[in-house]
Novice: 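Take this structure, written in structure tokens, and hold onto it; I'll ask about it next.
These numbers were taken from a predicted model, which means no experiment stands behind them. Proteins come first, then strands; the chains are lettered A, B, ... in the order of their sequence lines, and each starts at number 1.
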Amino acid sequence: MPVHNGDIAARFEEIADLLEIEGANAFRVRAYRNAARMLRDLPQSAASMLEDGKDLSDLPGIGEDLAGKIAEIVKTGSLSQLDALEKEVPAGLTEVVAIPGIGPKRAHALHETLDVTSLADLEQAARSGRIREVPGFGRKTEQNILHALETRGSGKTRTRLREAEEVAEALVEWLREVDGVHRATIAGSYRRRRETVGDIDILATCARDSPVVDRFVAYEDVRDIVSQGRTRSTVILKNGLQVDLRVVARVAYGAALHYFTGSKAHNIRVRRMGQDRQLKINEYGVFRGKKRVAGRTEEEVYEQVGLPWIDPVLREDRGEIEAAQKHKLPELIRLDDIRGNLHSHTKASDGTRTLAQMAAAAKARGWSYLAISDHSKAVTVANGLDAERLAEQIDAIDALNEELDGITLLKSCEVDILADGSLDLPDDILARLDLTVCAVHSHMDLSRDKQTERVLKAMDHPCFNIMAHPTGRLIGTREPYPLDIERVIEHARDTGCILELNAQPDRLDLDDGHCKMARDSGVRLSIGTDAHAEAHLDFMRYGVDQARRGWVEAADVVNTLELDKLRKALAR
DNA sequence: GCCGTTTTCGGCCCGACTGTTTTCAGTCG
């Protein structure tokens with residue numbers, strides 16, 4: 001069983017938790033957390049890098065020590081340091097630290113004084129009124145702990161961007177109506193267009209006497225007020241989503257927007273660059289001594305550290321600072337670069353609209369082509385097409401194209417990749433299509449090797465064009481099936497196959513890291529909406545956002561091409 | 001524990017809010 005980066009990261013995070021409870025040096029703790037974050041973001045697997053003889057201490061935040069620990073985990077599946085730590089500190093305390101309001105110091109204190117070693121112990125201690133007796137604790141803290149225990153589990157998972165959008169846009173719109181508010185902007189991972197958000201960060205600038213915070217906590221969807229100050233407040237909405245509001249002066253808008261957009265790792269890099277120039281950078285501006293030298297716009301902040309403005313989607317400390325220093329930031333793809341969509345469905349399989357309706361909807365979005373790619377017969381639940389029905393659809397599309405103006409339907413099919421790597425329809429019918437969109441919909445439990453071989457074999461088929469939703473993941477509900485994505489990317493490059501970035505907000509598959517990896521390997525992408533109705537064509541913007549997070553430029557994406565060029569690009 | 005046109009030691013981002021304290025520690029983002 002291969003060790004995934006996430007497994008290593010989880011162990012490092014646990015070490016960080018335990019060390020923190022032990023009272024270890026905070027910077028040492030941070031080193032483990034940084035390493036965990038770096039590993040989760042790393043598109044290659046550390047295990048395979050080791051196999052290839054690479055030196056892991058070349059990775060940022062990994063030194064000799066942590067490189068050795070990664071190797072130990074990969075080799076043995078465990079880590080002796082962690083085993084030893086777990087003997088010293090009860091593992092249940094890591095759950096206690098996860099309770100809002102309890103950090104490592106308080107967990108340590110509760111362990112020392114009341115012998116709390118688990119959530120169950122914590123609850124018992126709180127209910128019996130013993131926590132309020134511990135120095136540094138009080139009645140209110142005890143109540144807060146009980147409240148946190150009761151509401152535990154609600155809203156602690158990350159929310160998909162699309163669901164966050166629905167609530168966040170309404171809330172920010174409401175805030176803009178408040179007296180004295182100049183601007184209200186959503187920052188945070190939402191602005192960076194991450195596929196999921198942990199919470200919503202709203203930044204507001206307003207007149208000094210604006211009641212914006214009072215209005216914020218009085219919003220109808222607020223379930224709990226976590227904190228409420230003059231310039232900052234946190235609430236929990238009825239759907240469990242946490243929203244933070246921060247209020248700053250207008251002169252600080254750019255600095256605050258930069259600060260609250262993050263990512264944390266990106267901000268730390270920028271602030272360090274400021275320190276090198278004797279500048280202090282915080283949410284109120286850029287300061288030399290007491291003098292504010294910048295802060296009204298983000299551009300000003302970056303300028304002070306000698307950088308061009310960096311798009312929020314890139315702010316993850318994944319090389320964007322270095323690229324900006326060299327003036328080599330990518331020219332990111334934009335929604336209006338898109339010329340068409342290569343993955344959509346109709347009533348013929350599991351879609352809900354006709355060919356003509358989908359064509360009209362695509363045209364209305366300014367596109368010049370739309371591929372109709374209904375399912376093939378193996379997906380019986382979706383009423384997949386056999387060769388005969390697909391032949392009928394091909395004829396129907398040819399006939400409809402005669403009538404259409406300004407939009408061309410492309411003949412396609414979402415062809416199932418069968419368990420043995422063969423395609424679900426005969427070659428002679430596939431040869432009549434403009435392109436194929438091939439996908440795995442079954443046997444997702446194959447071993448990593450078998451799954452990879454299955455996909456590679458399918459890509460060798462001369463009619464294979466696009467690998468749809470390559471990992472099969474559903475954000476928050478289904479993990480990617482085991483697949484050696486690095487080999488798939490290499491094979492796509494070698495065979496001229498295209499990888500899809502499926503734009504459905506619950507798929508976004510490929511993810512940002514793999515998009516970057518594909519792009520760096522010279523593999524072309526297709527951003528496909530997988531639309532089952534007209535409205536789903538608007539998912540394109542989620543796909544474009546994810547592509548942008550993966551440093552993708554228009555030239556990397558085949559559906560930015562005009563139709564004649566696309567046809568040439570589809571030739572294998 | 002990492003890192004280095006201030007390297008092999010001495011730094012490591014910075015501020016708001018809460019609850020407890022009566023001047024500040026802990027937590028959080």
Novice: Is any side-chain N of the basic residue among Glu165(A) and Arg541(A) closer than 4.0 Å to the acidic one's carboxylate O?
Specialist: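 Result for this pair is yes, salt bridge flagged.
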
Novice: So which nucleotide from dC17(B), dG15(B), dT20(B) ends up closest to the side chain of Thr231(A)?
Specialist: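 Minimum distance to the Thr231(A) side chain belongs to dC17(B).
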
Novice: Quick check on dT7(B): syn or anti? Syn means the glycosidic torsion is within 90 degrees of zero.
Specialist: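 dT7(B): syn.
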
Novice: For the residue pair Arg473(A) and Tyr481(A), would you count it as a cation-pi contact if the rule is NZ or CZ under 6.0 angstrom from the ring centre and within 45 degrees of the ring axis?
Specialist: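 No.
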
Novice: Have a look at Pro60(A) and say if it touches a base, only the backbone sugar-phosphate, or nothing, with a 4.0 Å heavy-atom cut-off.
Specialist: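 Contact class for Pro60(A): sugar-phosphate only.
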
Novice: Is a side-chain donor-acceptor pair under 3.5 Å present for Asp244(A) with Thr234(A)?
Specialist: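 Short answer, yes.
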
Novice: What integer number of Å spans the P atoms of dT23(B) and dG29(B)?
Specialist: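 Pairwise P distance, dT23(B) against dG29(B), rounds to 29 Å.
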
Novice: Could you tell me how far dC14(B) sits from dT21(B) if I compare only their P atoms? Round to whole Å.
Specialist: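 It comes out at 31 Å once rounded to the nearest Å.
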
Novice: Within the pair Ser227(A) and dA16(B), is there a side-chain N or O less than 4.0 Å away from OP1 or OP2?
Specialist: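 False: Ser227(A) side-chain N/O out of range (4.0 Å or more) of dA16(B) OP1/OP2.
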
Novice: Is the distance from OP1 or OP2 of dG19(B) to the nearest side-chain N or O of Asn144(A) less than 4.0 Å?
Specialist: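 Indeed, a polar side-chain atom of Asn144(A) lies that close.
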
Novice: Tell me the partner of dT8(B), counting only Watson-Crick (N1-N3 plus N6-O4 or O6-N4) or G-U wobble (N1-O2 and O6-N3) with both under 3.5 Å; none if nothing fits.
Specialist: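 Pairing partner: none.
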
Novice: NA contact type, Arg33(A), heavy-atom cut-off 4.0 Å: base, sugar-phosphate, or nothing?
Specialist: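 Answer is nothing: Arg33(A) stays at 4.0 Å or more from every strand.
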
Novice: List for me each residue that meets salt bridge (Lys or Arg N to Asp or Glu O under 4.0 Å) alongside Glu553(A), sequence neighbours excluded, and say none if there are none.
Specialist: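 Expected list: Arg519(A).
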
Novice: What integer number of Å spans the C1' atoms of dC2(B) and dT8(B)?
Specialist: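 Result for the C1' pair: 12 Å, nearest Å.
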
Novice: On DNA chain B, nearest-nucleotide positions of Leu59(A) versus Gly138(A): which is more 5'?
Specialist: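 Nearest nucleotide further toward 5': that of Leu59(A).
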
Novice: Specify the separation, in whole Å, of atom CG of Leu39(A) and atom P of dC2(B).
Specialist: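 About 12 Å, once rounded to whole Å.
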
Novice: Is the cationic atom of Arg183(A) (NZ for Lys, CZ for Arg) positioned less than 6.0 Å from the six-membered ring centroid of Tyr253(A) and within 45 degrees of its normal?
Specialist: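 Flagged: Arg183(A) positioned over aromatic ring of Tyr253(A).
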
Novice: Is the closest side-chain donor-acceptor distance between Tyr190(A) and Glu169(A) under 3.5 Å?
Specialist: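 A pair is found: one side chain offers a donor N or O, the other an acceptor, under 3.5 Å apart.
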
Novice: Along nucleotides 4-12 of chain B, 5' to 3', which nucleotides get a B, which get an S, and which get a -, given that the test is a protein heavy-atom distance under 4.0 Å?
Specialist: --------B

Novice: Over how many whole Å does the gap from Ile62(A) atom CD1 to dC3(B) atom C1' extend?
Specialist: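 That distance rounds to 13 Å.
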
Novice: Looking only at side-chain N and O atoms, does Glu490(A) offer a donor or acceptor that is under 3.5 Å from a partner on Ser521(A)?
Specialist: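 Result is no, nothing qualifies.
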
Novice: State, without any angle test, whether Glu316(A) and His266(A) hold a side-chain donor-acceptor pair at a distance under 3.5 Å.
Specialist: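 The criterion, which ignores hydrogens and geometry beyond distance, is not satisfied for His266(A) and Glu316(A).
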
Novice: What is the separation between atom CG on Leu79(A) and atom C1' on dG1(B), rounded to the nearest whole Å?
Specialist: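 Those two atoms, CG and C1', are 14 Å apart.
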
Novice: Given dT18(B), dG1(B), dG15(B), which nucleotide is nearest the side-chain atoms of Tyr284(A)?
Specialist: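 Of all the options, the side chain of Tyr284(A) is nearest to dG15(B).
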
Novice: Using whole Å, what does the distance between atom P of nucleotide dC14(B) and atom CG of Leu279(A) come to?
Specialist: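 Leu279(A) atom CG is separated from dC14(B) atom P by 11 Å.
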
Novice: Are a donor atom and an acceptor atom from the side chains of Asn5(A) and Gln44(A) found within less than 3.5 Å of each other?
Specialist: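 No, no side-chain donor-acceptor contact under 3.5 Å.
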
Novice: Sticking with atom P, work out how far dG15(B) lies from dT20(B), rounded to a whole angstrom.
Specialist: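 One P to the other, the span is 26 Å.
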
Novice: Please compare Pro135(A) and Gly61(A) by the position of their nearest nucleotide in DNA chain B and report the one closer to 5'.
Specialist: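 Its nearest nucleotide lies further toward 5', so the answer is Gly61(A).
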
Novice: Hydrogens and angles aside, do Arg194(A) and Ser189(A) bring a side-chain donor and acceptor to less than 3.5 Å of each other?
Specialist: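 There is no such pair between these side chains.
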
Novice: Rounded to whole Å, please give me the gap between CD1 in Ile225(A) and P in dT18(B).
Specialist: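 Going from CD1 in Ile225(A) over to P in dT18(B) covers 10 Å.
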
Novice: Grab the CD-C1' distance between Gln228(A) and dT18(B) for me, whole Å please.
Specialist: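 My rounded result for the distance is 13 Å.
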
Novice: Between C1' on dG1(B) and NZ on Lys69(A), what's the gap in Å once rounded to a whole number?
Specialist: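 Spelled out: NZ on Lys69(A) to C1' on dG1(B) is 8 Å.
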
Novice: Pair Asp509(A), Thr471(A) - check side-chain hydrogen bond (donor to acceptor under 3.5 Å, both in side chains), show working.
Specialist: CA-CA 7 Å; Asp509(A) 177 15; Thr471(A) 77; 3.0 Å; yes

Novice: Using nucleotides 27-29 of chain B, report all nitrogen or oxygen pairs with the protein that are shorter than 3.5 Å.
Specialist:
| residue | atom | partner | partner atom | Å |
| --- | --- | --- | --- | --- |
| dT27(B) | OP1 | Gly103(A) | N | 2.7 |
| dT27(B) | OP1 | Gly103(A) | O | 3.2 |
| dT27(B) | OP1 | Arg106(A) | N | 2.9 |
| dT27(B) | OP2 | Lys105(A) | N | 3.2 |
| dT27(B) | O5' | Gly103(A) | N | 3.4 |
| dC28(B) | OP1 | Gly101(A) | N | 2.6 |
| dG29(B) | OP1 | Gln242(A) | NE2 | 3.4 |
| dG29(B) | O3' | Arg246(A) | NH2 | 2.9 |
| dG29(B) | N2 | Tyr259(A) | OH | 3.0 |

Novice: If we take the P atom in both dC17(B) and dG10(B), what is their distance in whole Å?
Specialist: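 My reading of the P atoms in dC17(B) and dG10(B) gives 37 Å.
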
Novice: When the distance from CD of Gln143(A) to P of dT18(B) is rounded to whole Å, what number comes out?
Specialist: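 Taking atom P of dT18(B) as the reference, CD of Gln143(A) is at 16 Å.
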
